[in-house]
Amino acid sequence: METKKVWLVTGASKGLGLTLVKKLLQENYCVVATSRSAKSLIEEVGNTSEVFLPIEVNLTDDHEVKAAVEKSMAHFGKIDVVVNNAGYGQIGTLEELSDEEARENFDVNVFGSLNVIRNVMPYLRQQKSGAIFNISSVGGLFGGFAGWGIYCATKFSVAGFTEALAEEVKAFGVSATVVYPGYFRTDFLANGSVKTPVLPIQEYEAARQSETAHLNSISGNQPNDPEKAADVLIAISKEDNPPVHLLLGTDAYDMAKNKADLLNKDIEQWKSYTLSTGF
């Protein structure tokens, strides 16, 4: 008889992470859920049980992440699927965001995920199986959004290291998938999930308009359903050969096609310069 698969989901107290955790438990999986607040996890999902382990962890602290993974292994004996979902949006142009604001976004969105990967891989390697989903964003595929440069840069980083990870771990029977969600109707654009610049520069009119639109108009009116996104992740986890790149949402599909068209246009338009550099 096959044992229940164990999922480890970070950033699990709200948004897509929380939706996924609830759906996994409904479908009889075991779940480790991490958040900066164990209390919020317990309030939303429940106390520690044979199938659920809520852990409070600061993902930017490698020692805390290592301890959380060890606690997960002690509780369930294995980890089958890892979802690096924790992160937050940082609005602000490259000029107006401080070094501290930019680095903090990278610390959570990039280095937090790397800490998880570094500490789960010894177990996945040993058991010669496993799947890793790194949640990027459509902003990690197409970065042409005024006022979102640092956030998009973190998500481009997630895409880049996931491509390398997929090559590094496939020999051990482990897969890695970068997930590019479009706009989903979660609290991602609410307080606590998105930050605005401490010292905004009003001359950046396009960035200010984008900030206002995202916080006031787009929030709560996103076109995609997080329940369906959770269904897709569960379905992909069952595939023998999951994709390295996974788009989620009708808007993500359209933006990806647009990016491919723009890239191909530039490649061909400037081809003579590109090829002129060879010996």
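The residues of the chain are indexed from 1 along the displayed sequence.
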Show your reasoning for whether side chain to side chain contact (heavy atoms under 4.5 Å, CB included) applies to Phe52 and Cys30.
-> CA-CA 6 Å; Phe52 180 61; Cys30 295; over 6 Å; no

Show your reasoning for whether side chain to side chain contact (heavy atoms under 4.5 Å, CB included) applies to Leu97 and Val198.
-> CA-CA 7 Å; Leu97 287 180; Val198 174; over 6 Å; no

Quick one: do Val81 and Leu8 satisfy side chain to side chain contact (heavy atoms under 4.5 Å, CB included)? Show the steps, please.
-> CA-CA 6 Å; Val81 184; Leu8 188 160; over 6 Å; no

Apply side chain to side chain contact (heavy atoms under 4.5 Å, CB included) to the pair Thr277 and Leu275, showing each step before the final yes or no.
-> CA-CA 5 Å; Thr277 57; Leu275 300 181; over 6 Å; no

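A heavy-atom distance below 4.5 Å is found between the side chains of Lys4 and Asn28. Between Val178 and Phe133 the shortest side-chain heavy-atom distance does not fall below 4.5 Å. Side chains of Val174 and Arg125 form no contact here, defined as non-hydrogen atoms less than 4.5 Å apart. Between Val83 and Ile135 there is a side-chain heavy-atom pair separated by less than 4.5 Å. Counting only heavy atoms from C-beta outward, the side chains of Val169 and Ile132 never approach each other to under 4.5 Å. Tyr123 has its side chain within reach of Glu70: a pair of non-hydrogen atoms, C-beta onward, lies under 4.5 Å apart. When side chains are defined from C-beta on, Glu27 counts as touching Asp231, because their heavy atoms get closer than 4.5 Å. Residues Asn58 and Arg36 form no side-chain contact, since every pair of their non-hydrogen atoms from C-beta on lies 4.5 Å or further apart.
Between Val21 and Ala12 the shortest heavy-atom distance is CG2-CB, 3.8 Å. Nearest approach of Gly46 to Pro54, heavy atoms of both residues: O-CG, 4.2 Å. Of all heavy-atom pairs spanning Gly11 and Asn85, the tightest one is O-ND2, 2.9 Å. The heavy-atom pair separating Tyr151 from Ser137 by the smallest distance is OH-CB, 3.6 Å. The nearest pair of heavy atoms linking Ala229 to Leu16 is CB-CD1, 3.8 Å. Nearest approach of Lys5 to Ser237, heavy atoms of both residues: NZ-O, 3.8 Å.
Here the CG atom belonging to Leu247 is positioned 7.5 Å from the OH atom belonging to Tyr180, to the nearest 0.5 angstrom. Considering CG of Leu248 and CG of Leu233, their distance stands at 6.0 Å, rounded to 0.5 Å. In this structure, OG1 on Thr60 lies 14.0 Å from CZ on Arg103, to the nearest 0.5 angstrom. Annotation: the span from Ser37 atom OG to Lys14 atom NZ amounts to 10.0 Å, rounded to 0.5 Å. A distance of 11.0 Å separates OG of Ser113 from CG of Leu165, quoted to the nearest 0.5 Å. Here the CZ-NZ distance, from Phe76 to Lys71, works out to 11.0 Å after rounding to the nearest 0.5 Å.
With respect to the salt-bridge test (charged N to carboxylate O, under 4.0 angstrom), the residues Glu96 and Arg208 qualify. Under 4.0 Å is where a charged nitrogen must lie from a carboxylate oxygen, and between Glu167 and Lys170 at least one such pair does. Salt bridge Glu104/Lys195: present, at least one basic N to carboxylate O contact under 4.0 Å. The pair Asp261-Lys259 fails the salt-bridge criterion, with no side-chain N (NZ, NE, NH1 or NH2) lying under 4.0 Å from an Asp/Glu carboxylate O. Between Lys22 and Glu44, at least one side-chain N (NZ, or NE/NH1/NH2) sits under 4.0 Å from a carboxylate O, which counts as a salt bridge. For the pair Lys66 and Asp62, the salt-bridge criterion is not met [side-chain N within less than 4.0 Å of a carboxylate O].
With 3.5 Å as the limit, one finds a donor-acceptor pair spanning the side chains of Ser98 and Glu101.
Annotation for Glu100: atom CD does not count as buried by contact number, only 12 or fewer foreign heavy atoms lying within 6.0 Å. No more than 12 heavy atoms of other residues, nucleotides or ligands sit less than 6.0 Å from atom CD of Glu205.
A side-chain donor-acceptor contact under 3.5 Å links His75 to the backbone of Ser49. Although no hydrogens or angles enter the test, the distance criterion places a donor-acceptor pair under 3.5 Å between the side chain of Asp80 and the main chain of Val6. At distances below 3.5 Å, at least one donor-acceptor pair connects side-chain atoms of Gln127 with backbone N or O atoms of Ile79. The main-chain N or O of Lys155 is found under 3.5 Å from a side-chain atom of Ser136 such that the two form a donor-acceptor pair. The backbone N or O of Gly147 sits nowhere less than 3.5 Å from a side-chain atom of Glu211 that would complete a donor-acceptor pair. The backbone N or O of Ala207 sits nowhere less than 3.5 Å from a side-chain atom of Ser210 that would complete a donor-acceptor pair. A donor-acceptor contact shorter than 3.5 Å links the side chain of Asn109 to the backbone of Tyr88.
Applying the under-4.5 Å side-chain rule to Ile, Leu, Val, Met, Phe, Trp and Tyr, the cluster around Phe156 consists of that residue alone.
For the pairing with Thr10, the side chain to side chain contact (heavy atoms under 4.5 Å, CB included) check across Val82, Thr34, Asn115 returns one residue only, Thr34.
Residues Phe172 and Val120 are members of one and the same hydrophobic cluster, defined by side-chain heavy-atom contacts under 4.5 angstrom among Ile, Leu, Val, Met, Phe, Trp and Tyr. Val32 and Leu41 are not part of a single hydrophobic cluster, where members link through side-chain heavy atoms under 4.5 Å apart. Using a 4.5 Å cut-off between side-chain heavy atoms of Ile, Leu, Val, Met, Phe, Trp and Tyr, with links allowed through other members, Phe161 and Val244 fall into different hydrophobic clusters. Residue Ile42 is not grouped with residue Val31 when hydrophobic side chains (ILVMFWY) are merged at heavy-atom distances under 4.5 angstrom, including chains of intermediate members. Linking ILVMFWY residues whenever their side-chain heavy atoms come closer than 4.5 Å, directly or via other members, leaves Tyr253 and Phe142 in distinct clusters.
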